[in-house]
Amino acid sequence: MTETIEWNNLGFGFIPTDYNVRCTYADGKWGELRTHSDMQINLNIAAAVLHYAQESFEGLKAFRGKDGKVRIFRVDENAKRMQDSCKGIEMPILPVDTFREAVLQAVKLNERFIPPYGSSASLYIRPVLFATTPLVGVKPAVDYEFIVFVSPVGPYFKGGFQATPFMLSRKYDRAAPLGTGMLKVGGNYAAGMKATVTAHDNGYSSMFYLDPKEKKYIDECGAANFFAIKGNTYVTPQSSSILPSITNRSLSELAESLGMTVERRPIAIDELSEFDEAGACGTAAVISPIARIDDVDNNKSYIFSPDGSPGRVCTLLYNKLRAIQRGEEPDTFGWTMEVTL
Ligand SMILES: *Cc1c(COP(=O)(O)O)cnc(C)c1O
């Protein structure tokens, strides 16, 4: 099977692998981890996840390094974020150790799917936690399943590291529950599907979301956070309706270590015209440099890269983070966990 994977031609999608790792919550407690080679689940037609989207997911990656070692990037941060999602939608808290162990097992068991060093691909890890209790009334379930599966993936955007146009319109909202913050839970993403399809249909990489209350400040774009470079400053929005991106936090720390100032504050739309560079960031793409943002409601464009070439600081941050993930540079931040195969 792996013989047939062309690592450098891999897109960002799902490829079946050998094993997944599962854990069941019942009678008020989490059980033991189990290994499955079967990719199906047996679910009651009234399972709460199907109706009320009581579900959370995470996304992280493992990389084959220059030294042959396999590293997982910031797994504990994803574990903690899933706990926050659990709290937000009344699901039982999954212990960080259980999350980490399940991820480790899933990576080890599927070692033959970890792309080689030097290819543009990596191993994407997708933990999901969902409610299985049969219910018809809106209330938290009492049974849950946690599953970790993996899939080798190529670059998120086909063109590679290149700046692309993004769309901005006040007509779209992801309906992130105000006050609770944006969580990595199913309902938020279903609410954003129409926006994503609309952006793609119009030739854009992604839709920009504004703050849902005033529609005045930049929130984030698609499934990625927004950041901009203004002189020697890394600016990123402060908002309760954006997903706390681990990549964004890592890039902020990198920027600081390079002597830049980091500002986390509300960013009004008009300020877009003052930025030297702009990017979308997340696990999937690390950084997607933004060529321009078209405010289609007002026929206004904010241009960062007329020719599509990534800016100097975006390129620097992108290369730094990738080098740490692939063991080309020492990880002085303690972000990576080596996998003993
Ligand atoms: C996953 C995600 C991000 C990026 O988070 P990372 O931890 O950097 O992968 C940003 N926004 C949304 C809405 C997301 O789902």
Side-chain angles (χ1 to χ4, degrees), residues 11-14 53 55-61 78 81 85 124 126 151 153-177 181-212 215 217-228 235-251 267 269 272 275 277-297 301-302 304-305 308 310 314 317-318 321:
F12 194 90
F14 174 67
E55 180 273 350
S56 165
F57 68 96
E58 274 301 329
L60 62 162
K61 281 178 171 175
N78 290 90
R81 191 169 62 189
S85 292
Y124 187 74
R126 172 52 62 86
S151 175
V153 295
Y156 198 66
F157 295 110
K158 282 185 201 77
F161 188 58
Q162 198 187 326
T164 56
F166 284 59
M167 177 171 173
L168 186 152
S169 168
R170 287 143 202 84
K171 296 195 189 98
Y172 296 91
D173 210 308
R174 206 166 36 184
M182 169 74 187
L183 302 163
K184 238 171 161 80
V185 301
N188 288 328
Y189 296 84
M193 294 284 173
K194 198 169 190 64
T196 303
V197 170
T198 304
H200 290 172
D201 286 352
N202 286 284
Y204 296 99
S205 292
S206 190
M207 179 74 78
F208 252 92
Y209 298 107
L210 299 174
D211 76 285
K215 302 264 180 189
Y217 300 97
I218 297 291
D219 256 2
E220 57 173 335
C221 28
N225 271 189
F226 173 77
F227 72 90
V235 196
T236 193
Q238 172 88 54
S239 161
S240 62
S241 44
I242 61 177
L243 202 280
S245 158
I246 296 161
T247 311
N248 193 6
R249 232 187 310 139
S250 308
L251 292 173
I267 299 174
I269 302 166
L272 288 177
F275 296 139
E277 297 178 36
C281 64
T283 295
V286 180
I287 292 176
S288 306
I290 298 173
R292 62 169 207 279
I293 299 172
D294 290 347
D295 177 347
V296 297
D297 301 339
S301 284
Y302 301 92
F304 308 105
S305 167
C314 279
L317 292 172
Y318 175 78
L321 192 60

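- Ring planes of Y318 and F161: parallel class, angle under 30° (limits at 30 and 60°).
- Aromatic ring centres of Y302 and F275: separated by at least 6.0 Å.
- Considering only heavy atoms from C-beta on, T283 stays 4.5 Å or farther from I246 through its side chain.
- Counting heavy atoms from C-beta on, the side chains of I290 and T164 never come closer than 4.5 Å.
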query = Checking ring-ring contact (aromatic ring centres under 6.0 Å, His included) for the pair F14/Y124: CA distance, chi angles, key distance, verdict?
reply = CA-CA 9 Å; F14 174 67; Y124 187 74; over 10 Å; no
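- For the pair F227/C314, a side-chain contact is recorded, criterion being any heavy-atom separation below 4.5 Å from C-beta on.
- The NZ atom of K194 sits 6.5 Å away from the OH atom of Y172 when rounded to the nearest 0.5 Å.
- Shown here for S56 and S85, the closest heavy-atom pair between the two residues is OG-CB, 3.3 Å.
- For the residue pair S239 and D211, no side-chain donor N or O sits within less than 3.5 Å of a side-chain acceptor on the partner.
- In this structure, the separation between NZ on K215 and CZ on R170 is 9.0 Å, given to the nearest 0.5 Å.
- Rounding to the nearest 0.5 angstrom, the gap separating the CG atom in L272 from the CG atom in D295 is 9.0 Å.
- To the nearest 0.5 Å, atom CD1 of residue I267 and atom OH of residue Y217 are 11.5 Å apart.
- Put simply, the side chain of E220 gets close to the backbone of L243: a donor and an acceptor are under 3.5 Å apart.
- Counting only distance, with no hydrogens or angles, the side chain of S205 and the backbone of F166 share no donor-acceptor pair below 3.5 Å.
- When all heavy atoms are compared, the tightest approach of P212 to S241 is CD-OG, 3.1 Å.
- For Y209 against G222, the heavy-atom pair with the smallest separation is CE1-N, 3.7 Å.
- Contact annotation: the side chain of K61 approaches that of V153 to within less than 4.5 Å [non-hydrogen atoms, C-beta and beyond].
- Side-chain atoms of L60 and N78, non-hydrogen and from C-beta on, do get closer than 4.5 Å to each other.
- Across all non-hydrogen atoms, the minimal contact from R81 to G59 is NH2-O, 4.5 Å.
- Looking at heavy atoms from C-beta onward, M207 lies out of side-chain contact with H200 at the 4.5 angstrom threshold.
- Aromatic pair Y189/F57: ring centres closer than 6.0 Å.
- In the model, D294 has a side-chain atom that pairs as donor or acceptor with a side-chain atom of Y204 under 3.5 Å.
- Between the side chain of N248 and the backbone N or O of T236 there is no donor-acceptor pair closer than 3.5 Å.
- Contact annotation: the side chain of S250 approaches that of L321 to within less than 4.5 Å [non-hydrogen atoms, C-beta and beyond].
- Side-chain atoms of E55 do not come within 3.5 Å of backbone N or O of V185 as any donor-acceptor pair.
- When ring centroids are compared, F208 and F226 come within the 6.0 Å threshold.
- Here I287 contributes atom CD1 and T247 contributes atom OG1; the two are 9.0 Å apart, rounded to the nearest 0.5 Å.
- Between L168 and I218 there is a side-chain heavy-atom pair separated by less than 4.5 Å.
- The nearest pair of heavy atoms linking A280 to A224 is CB-CB, 3.9 Å.
- One finds no salt bridge joining E58 and K184 here, because no Lys/Arg side-chain nitrogen approaches an Asp/Glu carboxylate oxygen to under 4.0 Å.
- Distance CG/L317 to SG/C281: 9.5 Å, rounded to 0.5 Å.
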